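Every chain is numbered from 1, with letters handed out A, B, ... down the list of sequences. In this text the structure is predicted, and so the values were computed from the model without any measurement.
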Amino acid sequence: MSTSSDCAPASPAPSRDVLRGLLETMLFIRLFEEKIVAVYPDQDMKCPVHLCIGQEAVAAGVIAHLRPGDYLTSTHRNHGHCLAKGVDPGILLAEFFGRASGCCRGKGGSMHPMSPEHGILGTSAIVGGGIPHGVGHALAAFLRGQDAISAVFFGDGASEEGSFHESLNFAALKGLPVVFVCENNHYATNSPLGARQPNPDVHRRAQGYGIPAERLDGNDVEAVYAAAGRAAAHARAGLGPYFLECVTYRWKGHVGPDCDYEKGCRPKDELFDWMERCPVKRFQSRIEDAGIMDAAGTQAMIAAISARLDAAVAWARGEKYPDAAEAVLGVYAPAEV
Amino acid sequence: MPWTKVFLAKEDLACFGPGEGLRGLTFVQALLEAQTQILENDPSAFVIGEGVNDSGGVFGSTLGLADRFGPKRVMDMPIAENGLTGIAAGAAAAGMRPIFVHMRMDFLPMCMDQIVNHAAKWHYMSGGALTVPLVIRSIIGRGWGSAAQHSQGLHSLFLSVPGLKIIAPSTPYDAKGLLMEAAADNNPVLVVEHRWLYGSVGYVPEAPYREPFGKALVRRPGRDCTVVAISQMVYEAMRAAADLEAQGVSVEVVDPRSLKPLDTETILASVRRTGRLVVADVACPMGGAASEIMAAVLETDPGLLAAPAVRVSFPEAPTPCSPVLEEAYYPGARHIAGAVKKTLGLSDHG
């Protein structure tokens, strides 16, 4: 992968705890998404789900650098970002199951989670729609003289939207503390990048606005962690926005729990090649080989996460649906909040 | 009440003497004073828009604010209406209270995604946890060949978007009071300002005040026909009412002041008294505020009307440029008077 940043200070190597944490976050996301795959056929989760299996390294590597007061903006494919930022899996699942104790009280679903205490001020499922919001959060922090930065996640498709360019331009113009994270998974729904952009190097768009930008292997969590460390430090130091293009691949179809190559959406060989580059397995082997964790340790980690997620699923499904009267309530915010 | 009075001419202000502690301002001075007081009183407020800090100051409505409050409170912007609406909405969700200024309402279609899909729905989608206190000022232009892209009244497009509020002040008093209310509201509020109102005069208290939304006003009482007039059409309706009075026809003029929420009660009470209805708007007719006001009457009791109701709107055509075509395009007092006569079965030539 090429790196074209011209101002990338070297970061210290991550500690063993950080490496273990990265693996845990990736496993957490992977297993969460797999739980959804498992329960989806029950038809109790009555909302579209956009799974991020195969892309876990981006969420884990970037969000490891965020602090509780930092902002995060995501997309329809947001589960990994929310979990990595610390949102409770049960509250998310309750939302996806349409229950009253979901993070949006059943009004958002999988596409629109939010958690103000984690700096997630809503999630847009309009492609590119959330990017200006993330810049707006950074503007608010900037105007108030706060130390917070704003991480803005989006896909390669969003880089074709006007809102992407308008947001980059403004963030660069005002020197706002934004880390733009493009998860380039090569597809917008079923349309391949090459059919949509004449120059597939998305990060070069950012360079056009004078924003330091890197293109990196988004399936290598250590590479993501290192680059995100540079990006977050840059933004936090008041040097303005930074852009990461993380090249990755989604294993499932655009929406739903199934693989889509059988429907002819993508070449099977392409998917299987990328599955060989599984970000989770790859890193698991890497830290087991390095003696940071042993196989028993990772199995114990998986078992603990799985048990937590089973409990979260059971809790969420046991929660009540909202009162039907809620459908038309809460349209307007009250005068004093 | 001097505050609710509509002055058709500057000279009429003199009918209340200075000894009564009343101060006259133009509509644009009232807008400027409102924003000044908002910026003074609320550190989270900021004004953003193309040219808000330039020598014109958006037709004078933001003049001097940048000098006084600095570039962090009064911001010029790139020509990126949708992105900047999203940025303003994002800042609002994070606790700021932006006032986004558009020199022309015609620029709002570029912000549709962020207004319609995002700002308006954010509170609901979040289950009530988030708010987007965003004020969007937009100005309807008219005349001097403004033509099809610098003269539209597009509030109809936003009426069917739950989560938005829409106000249309017609007097200087309301320009200040409703704008200050908008800035204090915790929802996105679209302000419809007609450029031809900017020079209109009225009494405006100096101290900050807020006028609640959803309260229509009877600007002029009358017996024979209700004219609900929106924005600049209030002035046209007042002129029509004055003309018709000379002909023995008594017209009641109702100014809704806010379109969403809409005070149907005041409108219905007036129609109950007069039995006749004309609705005048600065917009094209289909699916608009005028249609909605008529629907409110029909849904309540079609028997309230002794004669079919009449709309006075822009024609179903884009705005032309040539002065001859402009003259033919815009409805005014004459058309409102004709519509009133129609409801009364009177000849328009009498």
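Taking both residues in full, the closest heavy atoms of A:L139 and B:F46 are given as CD2-CZ, 3.9 Å, listed atom of the first, atom of the second, then distance. Nearest approach of B:G90 to A:H137, heavy atoms of both residues: O-ND1, 2.8 Å. The shortest non-hydrogen separation linking B:Q114 to A:P132 is NE2-CG, 3.5 Å. Between A:G130 and B:H118, the shortest heavy-atom distance links the atoms N-NE2, 4.5 Å.
In the displayed structure, B:E40 atom CD is contacted under 6.0 Å by more than 12 heavy atoms of other residues, nucleotides or ligands. Residue B:E292 qualifies as open at atom CD: its count of foreign heavy atoms under 6.0 Å is 12 or below. Counting heavy atoms of neighbouring residues, nucleotides and ligands inside a 6.0 Å radius, atom NZ of B:K215 does not exceed 12 of them.
At a 4.5 Å heavy-atom cutoff, the contact between B:N117 and chain A is made by side-chain atoms alone. Neither the backbone nor the side chain of A:F164 comes within contact range of chain B; no heavy atom of the residue lies under 4.5 Å from a heavy atom of that chain. Both the backbone and the side chain of B:A93 come within less than 4.5 Å of a heavy atom in chain A. For a residue to count as touching a neighbouring chain, one of its non-hydrogen atoms must lie under 4.5 Å from one of that chain's; by this rule A:I131 does not touch chain B. In this structure, no portion of A:E95 lies under 4.5 Å from any heavy atom of chain B.
Among the candidates B:D185, B:I79, B:L84, the residue making the largest number of heavy-atom pairs closer than 4.5 Å to chain A is B:L84. Your options are B:R73, B:E81, B:K165, B:M77, and the one with the most heavy-atom pairs under 4.5 Å with chain A is B:K165. With respect to chain B, the highest number of heavy-atom pairs below 4.5 Å among A:S167, A:G129, A:G128 belongs to A:G129. Your options are B:T85, B:V132, B:L164, and the one with the most heavy-atom pairs under 4.5 Å with chain A is B:L164.
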Test side chain to side chain contact (heavy atoms under 4.5 Å, CB included) applied to A:V328 and B:Y124, step by step: CA-CA 9 Å; A:V328 294; B:Y124 183 88; over 6 Å; no
Candidate pair B:M75 and A:L143, rule side chain to side chain contact (heavy atoms under 4.5 Å, CB included), full reasoning: CA-CA 11 Å; B:M75 259 180 257; A:L143 292 175; 4.0 Å; yes
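Residues of residues 101-127 of chain A having a heavy atom under 4.5 Å from any heavy atom of chain B, listed by number: A:C103, A:C104, A:R105, A:K107, A:G108, A:H112, A:M114, A:P116, A:L121, A:G122, A:T123, A:S124, A:I126. Contacts from residues 169-180 of chain A to chain B, taken as heavy-atom pairs separated by less than 4.5 Å, involve A:N169, A:F170, A:L173, A:K174 in sequence order.
At distances below 3.5 Å, at least one donor-acceptor pair connects side-chain atoms of B:N187 with backbone N or O atoms of A:A333.
Distance check, rounded to the nearest 0.5 Å: CD1 of B:I87 to NE2 of A:H133 gives 9.5 Å.
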